[in-house]
Asks: 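Just passing along the structure, written as structure tokens.
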Amino acid sequence: MGKIIVVGSSNTDLITRVERFPKAGETVEGKHFMLAMGGKGANQALAAHKLGGEVKFITSMGDDINGENALKYYQKEGLDVKSSLIIKGTPSGTATILVDENGENCIVITPGANNGLSPEYVFERKEEIRSASLLLLQMEIPYESVIESCRIASEANTNIMLNVAPARSLAREVIRLVDILVVNETEAEIISGEKVIEVGEQAVVDKLLALGARSVVLTLGSRGCFMKSESEHYTIPAFKVKPVDSTGAGDTFCGALAVGLNKGWGWKDALIFASAASAICVTRMGAQPSIPTEKEVQFFLNKYQSTSNNTH
Ligand code: RIB
């Protein structure tokens, strides 16, 4: 098994639990506050690390207290962040997150130093990308840096997994470089130009494959996920859990999927592993504090299997 390299964002998450989201101009009282490390890149890198992958994380932070704390935290967790960029005089990324009683969230990100993770810096790290077996990317760093990462990886035959979150359109040349495209419904609609309600989920996925992605994973929240490539397709229902906070569930799914596929598992096993990891994540508060370990996922899957065997 080779290395997983994650090139992506890192934020400090300021999370407040509320009964309901405020309307414009309204003040509501928070029920609970939590400060934790976050950012889609960092969440996916930490998830892959905790779930059994050998991971290198390339990110960008400011030389402020948030950046300092984040670096210390990742070093303590044993995540390799040695190749990260520290930008003087720039604030580190932050995310202000509200979570309501149903576990749904609203997020405002202020990218700060994440916007400084330039294509030039990515190019400087090209040997690290080339030597990895899987590159994992999201969309919270400049688009040009995502493209540069894909270009370097594709020349070296490094597998590319792109989670198009937050949603944005992608050039066809970029989609063609991607081995595993992970999208939710909104993201799939923006990239394909098709509406799920009009043509159905399968047709939207087919359009993404026709645009050049080698495989597509469509995540469907509490309904599970659907995967399709030229030769395979799977529908995996979600594990039923009581949701507390959905923040970071998609990131945990991506990190876990990257680990499974990078270990050479078949699609079905990797998707079930990723679904279990994200199911555990939604039962807990915060993004990174909710990411389970590999042992916890195995325990969850064993328990789930023995319960479903007993009920049949
Ligand atoms: O996907 C969840 C993440 O989105 C949070 O950790 C927040 O930092 C934002 O990037």
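We count ligands from 1, going down the list as the structure has it; atoms in each ligand are counted the same way. Quick caveat, the model's predicted, so the values are computed rather than measured. Side-chain atoms are counted along with the backbone in the values below, which use heavy atoms only and exclude waters and symmetry mates. All residue numbers refer to positions in the sequence shown, counting from 1.
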Asks: Against L170, only a single residue in I147, L181, V178 fulfils side-chain contact (heavy atoms from CB on, under 4.5 Å); can you say which?
Replies: L181

Asks: Does the N or O separation between G39 and ligand 1 drop below 3.5 Å for any pair?
Replies: yes

Asks: Between V7 and E128, is a side-chain contact (heavy atoms from CB on, under 4.5 Å) present by the stated rule, with each step listed?
Replies: CA-CA 11 Å; V7 181; E128 290 155 75; over 6 Å; no

Asks: Test the K303-F300 pair against the cation-pi criterion, namely NZ or CZ under 6.0 angstrom from the six-membered ring centroid and within 45° of the ring axis.
Replies: no

Asks: Do the side-chain N and O atoms of N11 and N114 include a donor-acceptor pair separated by under 3.5 angstrom?
Replies: yes

Asks: In plain terms, say whether K207 and E198 are close enough for a salt bridge, that is, a side-chain N and a carboxylate O under 4.0 Å apart.
Replies: no

Asks: What atoms of ligand 1 come closer than 4.0 angstrom to any heavy atom of A287?
Replies: 6 (O)

Asks: Should you measure from each heavy atom of N43, which atoms of ligand 1 turn up under 4.0 Å away?
Replies: 2 (C), 3 (C), 5 (C), 6 (O)

Asks: Could you name the option among D13, N163, N114 that has the heavy atom nearest to atom 5 (C) of ligand 1?
Replies: D13

Asks: Report the relative orientation of the aromatic rings in F226 and H233; use parallel for angles under 30°, tilted for 30 to 60°, perpendicular for over 60°.
Replies: tilted

Asks: Taking side-chain hydrogen bond (donor to acceptor under 3.5 Å, both in side chains) as the test, write out the residues that go with Y73, two or more places apart.
Replies: none

Asks: How far is atom 4 (O) of ligand 1 from its nearest protein heavy atom, and which residue and atom name does that atom have?
Replies: K40 NZ, 3.2 Å

Asks: Taking 4.0 angstrom as the limit and counting only heavy atoms of A95, give me the atoms of ligand 1 inside it, by number and element.
Replies: 7 (C), 8 (O)

Asks: Any idea which part of E140 is under 4.0 Å from ligand 1, heavy-atom wise: side chain, backbone, both or neither?
Replies: side chain

Asks: For G38, counting its heavy atoms only, list the atoms of ligand 1 lying under 4.0 Å from any of them.
Replies: 6 (O), 8 (O)

Asks: Would you mind checking which non-hydrogen protein atom is closest to atom 2 (C) of ligand 1, with the distance to 0.1 Å?
Replies: D251 OD2, 3.3 Å

